[in-house]
K.L.:
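Got a structure for you, written out below as structure tokens; questions coming shortly.
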Amino acid sequence: MKKEIIIPAIKNGTVIDHIPSRVTFRVMRLLDPQEYEHTINVALNLESDKMGKKGIIKISDRVLTQEEVNKVSILAPEVSVSIIKDYSVKKKIVVKLPERIEKIVKCNNPKCITNIEPVDTSFSVISKKPLKIRCKYCERSMSREDIALW
Amino acid sequence: MTFKGRSIISIRDFSKQDLLTVLSHAKKLEKTPQPNLMKNKVMATLFFEPSTRTRLSFVSAMEKIGGSILGFENTDTTSVTKGETLWDTIKMVDQYADVIVMRHSIEGAARLASEASAVPVINAGDGANQHPTQTLLDLYTIQKEKGKLDGLNVGFVGDLKYGRTVHSLCIAMSHFKTKMFFIAPKALQMPKSYLEDLKKNNIPYVLEEDLEKVAKDMDIIYMTRIQKERFTDPVEYNKLKGVYQIDASLLKHTKKNVSILHPLPRVDEISTDLDETPNAAYFRQAGNGVPVRQAIIGLVTGKLK
Ligand SMILES: [Zn+2]
């Protein structure tokens, strides 16, 4: 418990835990915090018995949708997501990798049309473990390490 | 899946049945030409990147089935679309044509065009990505030369790392009972992702550097060119280039009826002394582009069923 004290508990909202430290900020970006009016607490490089260093994001007064949680799984498949109400966990959301990934990921092929003309990207998930996705346009496949966000 | 209204973008979009449908129509058209099939229909050829060979094949195919053609070939490879987006260009052209044939240097351009277009788009090459009509004519050639597609040993020779035609044909042949031989220098071997897919599909394959060693097993030898641009060291290029040049003496090591294919143009990887042998299938292969492209044009416009 004492590890958790680093970030204050939230009254209501969503907690994303067990994020690999190095992708924590990318997860933040994925959820597009610019649009939020809510308080967000982020911590990284927390000690974790399970995974070494981890990150955690706590968003006050906002309940993430299943779709948003699924997006997170592109970067961090092992996260745990809890919906908090009155300081206690009301619900755990199971993270599921989506079949398709629209818009949020950038194709890593510089010769791909999505990097040249104004087109939304679209990838199909061709393998879940290890993660492999294929660009709908140039058909290059990418693994998790290649994934960059817009 | 029905072909009417469908764009032909990638060989990955084809089921086995789709492949066989195109081949059977090509066969029928070759046997019984249909000079009025595409009467009053217009095909637009948009060659943002020049490819005289491919364009001529499409033009010849369309003219022989009675259709008319409009379009352009951009010989200035540096300017792709002078300011106008591809989307807008297609939105204009689809008003004039019943089918669009497009070649572009940018990967994925054909898929995007098909999303913009109200009429079917046929991808005639999008950068290093796809050139599905080439693959279909390769398949048609194999079927014609061997009388079947199942139970064949197919050898791919040369630049397998960057060779677009090899990658696509490998995907297409995976629908059939095939054994594949990949003969290339280590630096130019098949990309891992294709080999993984073969494993997944239970297609046996062999990686080899020495063509003569495995030549006796092959029914098809699919040659490709090793391009100088792929090498940083010209000495390395000159050394490897010679290893994958073939001439009539290769036939001492092969099955008597082996068929040699090449997407053309060749430079010096196939010696002209092979041209007169019955094994040289590469010129017949180029000719097969006509009925195959006719079949595709007819199918996507709904004129063939
Ligand atoms: Zn792409």
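Keep in mind that this is a model prediction, so the values were computed, not measured. Below, chains carry the letters A, B, ... as their sequence lines are ordered, and counting in each starts from 1.
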K.L.:
With rounding to the nearest 0.5 Å, note down the distance linking OH in Tyr140(B) to OG1 in Thr133(B).
P.N.:
14.5 Å
K.L.:
Using non-hydrogen atoms and a 4.5 Å limit, figure out which bit of Lys132(A) sits close to chain B: side chain, backbone, both or neither.
P.N.:
side chain
K.L.:
Asp17(A) and Ser80(A): side-chain hydrogen bond (donor to acceptor under 3.5 Å, both in side chains), yes or no, with the steps?
P.N.:
CA-CA 5 Å; Asp17(A) 198 357; Ser80(A) 49; 4.8 Å; no
K.L.:
Which value, rounded to the nearest 0.5 Å, describes the distance between Ile126(A) atom CD1 and Glu139(A) atom CD?
P.N.:
10.5 Å
K.L.:
Around atom NZ of Lys111(A), are there more than 12 heavy atoms from other residues, nucleotides or ligands closer than 6.0 Å?
P.N.:
no
K.L.:
Both conditions, 6.0 Å and 45 degrees, for the charged tip of Arg53(B) above the ring of Phe47(B): are they met here?
P.N.:
no
K.L.:
By number, which residues in residues 195-202 of chain B have some heavy atom less than 4.5 Å away from chain A?
P.N.:
Glu196(B), Asp197(B)
K.L.:
Looking only at the side chains, is there a donor atom on one of Ser10(B) and Arg111(B) sitting less than 3.5 Å from an acceptor on the other?
P.N.:
no
